[in-house]
Amino acid sequence: QVHIVESGGGLVQPGASLTLSCAASGTSISLHDMGWYRQAPGEKRDMVATISGASSSGKVTNIYYADFVKGRFTISRDNPKNTINLQLNNLEPRDTAVYYCKMHRWGADIWGQGTQVTVSS
């Protein structure tokens, strides 16, 4: 059974930083395309950043960011820890949302339960 669990959210002031982590069990995170998504109340779920896995891109790692986070957020993979991290810098109130991690594994999407990020003064 594959499970993914997000952590690292919280309440921060504008301009602050957070690091979100997505831990996987039951499979190697390096194999699969992974992504961070976010959903604010009343809004649709949006892609934040994605990182490709070996099953789709081989030894090449493709990374994509939504335009609204370019230059502020960084996605990375920690293979020994089997985690995907999202570094959030210079946070703004509009970044307030539940952040979800998604694994695309052999044609199916597996979602975590999400972690809340609230940016408020």
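Nothing here was measured: the structure is a model prediction, and the numbers come from that model.
- Checked against side-chain hydrogen bond (donor to acceptor under 3.5 Å, both in side chains), Ser30 has the following partners two or more places apart in sequence or in another chain: Ser28.
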- Task: Test Asn89 against Ser17 for side chain to side chain contact (heavy atoms under 4.5 Å, CB included), laying out the working first.
- Result: CA-CA 4 Å; Asn89 294 328; Ser17 297; 3.0 Å; yes
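- Between the Asp33 side chain and the Gly53 main chain, a donor and an acceptor come within less than 3.5 Å of each other.
- When hydrophobic clusters are built by joining Ile, Leu, Val, Met, Phe, Trp and Tyr residues whose side-chain heavy atoms come closer than 4.5 Å, directly or via intermediates, Leu31 is not grouped with Ile4.
- Although no hydrogens or angles enter the test, the distance criterion places a donor-acceptor pair under 3.5 Å between the side chain of Tyr65 and the main chain of Ile75.
- When all heavy atoms are compared, the tightest approach of Glu43 to Gln39 is O-NE2, 3.0 Å.
- In terms of modelled atom types and a separation under 3.5 Å, the side chain of Arg77 and the main chain of Ser52 share a donor-acceptor contact.
- For Ala49 against Leu86, the heavy-atom pair with the smallest separation is CB-CD1, 4.2 Å.
- At least one donor-acceptor pair under 3.5 Å links the side chain of Asn82 to the backbone N or O of Ile29.
- Side-chain contact check for Thr27 versus Met103: some heavy-atom pair is nearer than 4.5 Å.
- A donor-acceptor pair under 3.5 Å is absent between the side-chain atoms of Asp78 and the main chain of Thr83, judged by distance alone.
- Follow the hydrophobic side-chain contacts under 4.5 Å out from Leu20 and you reach Ile63 in the same cluster.
- Separation of atoms OH (Tyr99) and OG1 (Thr115) is listed at 10.5 Å; rounding is to 0.5 Å.
- A donor-acceptor contact shorter than 3.5 Å links the side chain of Gln113 to the backbone of Glu6.
- The cluster map of Ile, Leu, Val, Met, Phe, Trp and Tyr, joined by side-chain heavy atoms under 4.5 Å apart, puts Phe68 and Phe73 in the same cluster.
- The hydrophobic cluster around Val98 extends to Tyr37, Met47, Tyr100, Trp111, counting ILVMFWY residues whose side-chain heavy atoms fall within less than 4.5 Å of a member.
- Annotation for Met34 and Cys22: closest pair CE-SG, 4.0 Å, computed over non-hydrogen atoms.
- In this structure, Thr96 contributes its side chain and Val119 its backbone to a donor-acceptor pair below 3.5 Å.
- Remark: Asp109 CG to Lys102 NZ distance equals 4.0 Å, nearest 0.5 Å.
- With 3.5 Å as the limit, one finds a donor-acceptor pair spanning the side chains of Gln87 and Thr19.
- Nearest heavy atoms, Pro14 versus Ser121: CD-N, 3.8 Å.
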- Message: What verdict does the side chain to side chain contact (heavy atoms under 4.5 Å, CB included) test give for Asp95 and Arg38, after you've listed the backbone C-alpha separation in whole Å, the side-chain angles of each residue and the deciding distance to 0.1 Å?
- Response: CA-CA 9 Å; Asp95 296 317; Arg38 72 184 190 185; 2.9 Å; yes
